[in-house]
Amino acid sequence: MLKRWFHRTILSRRWLTFLTMGFAFFVFGAGTFNIFMLFSANAEFIARSGWQALMEGAARQFIELVITGYISMAAYIVFKACEYRLVREVADGAGVKPDA
């Protein structure tokens, strides 16, 4: 159902596909910026402080980082779908009438 809506609403309009692709690129970039350093710092904090680190919010931060990773991955998939749609249209020459 979501796939059908995405095709019908977003991918059927070039301008909206382009805007969605830009927004998805921004979300992916913002979500993945420094995420690996935060993961390693969180793991180091848990390894160093143990249960106390988990009580101080390291477990919650870890869950938030995982959720951020999945949101970033979803944004990347949306970006690639929009990119594929636009590139395919340019490569196939959709909308260009042949000289006949």
Side-chain angles (χ1 to χ4, degrees):
M1 184 172 163
L2 183 61
K3 180 181 174 182
R4 219 174 330 159
W5 176 85
F6 187 72
H7 279 273
R8 188 179 65 242
T9 307
I10 305 294
L11 296 180
S12 65
R13 297 169 179 89
R14 279 181 267 176
W15 65 272
L16 192 54
T17 303
F18 187 74
L19 288 177
T20 304
M21 185 175 76
F23 180 72
F25 180 76
F26 173 75
V27 170
F28 173 72
T32 57
F33 181 74
N34 237 1
I35 197 167
F36 295 111
M37 291 183 66
L38 291 172
F39 263 124
S40 64
N42 191 354
E44 180 183 331
F45 181 49
I46 292 171
R48 189 179 62 240
S49 301
W51 182 251
Q52 186 65 32
L54 297 174
M55 299 283 288
E56 292 291 327
R60 180 177 181 206
Q61 184 183 29
F62 179 77
I63 291 169
E64 289 172 355
L65 288 171
V66 168
I67 291 170
T68 301
Y70 276 108
I71 290 171
S72 297
M73 186 173 46
Y76 180 74
I77 291 169
V78 168
F79 171 80
K80 291 303 281 184
C82 292
E83 177 192 36
Y84 177 77
R85 166 72 169 89
L86 292 173
V87 168
R88 191 184 74 201
E89 187 170 309
V90 169
D92 290 346
V96 176
K97 296 183 181 180
D99 297 333

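Nothing fancy with the numbering, it's 1 onward along the sequence. Keep in mind that what you see is a predicted model, and the values were worked out from it rather than measured.
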Participant: Would you compute the distance between atom CG of Leu16 and atom CZ of Arg14 and round it to the nearest 0.5 angstrom?
Facilitator: 13.0 Å
Participant: Indicate every side-chain donor-acceptor pair of residues 75-85 with a distance under 3.5 Å to a residue at least two apart or in another chain.
Facilitator:
| from | atom 1 | to | atom 2 | distance (Å) |
| --- | --- | --- | --- | --- |
| Lys80 | NZ | Glu83 | OE1 | 2.7 |
| Arg85 | NE | Leu11 | O | 2.7 |
| Arg85 | NH1 | Glu89 | OE1 | 2.2 |
| Arg85 | NH2 | Leu11 | O | 3.1 |
| Arg85 | NH2 | Glu89 | OE1 | 3.3 |

Participant: Kindly give the heavy-atom pair with the smallest separation between Ile10 and Thr17, and that separation in Å.
Facilitator: O-OG1, 2.8 Å
Participant: Look up atom CD1 in Ile71 and atom CD in Glu64, then write down how far apart they are to the nearest 0.5 Å.
Facilitator: 10.5 Å
Participant: If the condition is side chain to side chain donor-acceptor pair (under 3.5 Å), which residues does Thr32 pass it with, not counting sequence neighbours?
Facilitator: none
Participant: Hey, quick one: are Leu65 and Met73 part of the same hydrophobic cluster, counting side-chain heavy atoms closer than 4.5 Å, chains of contacts allowed?
Facilitator: yes
Participant: Roughly how far apart are Thr68 OG1 and Ile63 CD1, rounded to 0.5 Å?
Facilitator: 11.5 Å
Participant: Would Phe6 end up clustered with Trp15 when hydrophobic side chains under 4.5 Å apart are linked, directly or stepwise?
Facilitator: yes
Participant: Listing request: all ring-ring contact (aromatic ring centres under 6.0 Å, His included) pairs with a residue in residues 40-70, at least two apart in sequence or in separate chains.
Facilitator: Phe39-Phe62
Participant: Using 0.5 Å steps for rounding, measure from the NZ atom of Lys3 to the CZ atom of Arg8.
Facilitator: 13.5 Å
Participant: Give a yes or no on whether Arg48 atom CZ has more than 12 heavy-atom contacts from other residues, nucleotides or ligands under 6.0 Å away.
Facilitator: yes
Participant: Supply the atom-to-atom distance Ser40 OG to Ile35 CD1, rounded to the nearest 0.5 angstrom.
Facilitator: 11.0 Å
Participant: Does any non-hydrogen side-chain atom of Leu2 lie less than 4.5 Å from one of Trp5?
Facilitator: yes
Participant: Output yes when a side-chain donor or acceptor of Ser49 lies under 3.5 Å from a complementary backbone atom of Ile46, and no otherwise.
Facilitator: no
Participant: Are Phe26 and Phe18 in one and the same hydrophobic cluster, where Ile, Leu, Val, Met, Phe, Trp and Tyr link if side-chain heavy atoms are under 4.5 Å apart?
Facilitator: no
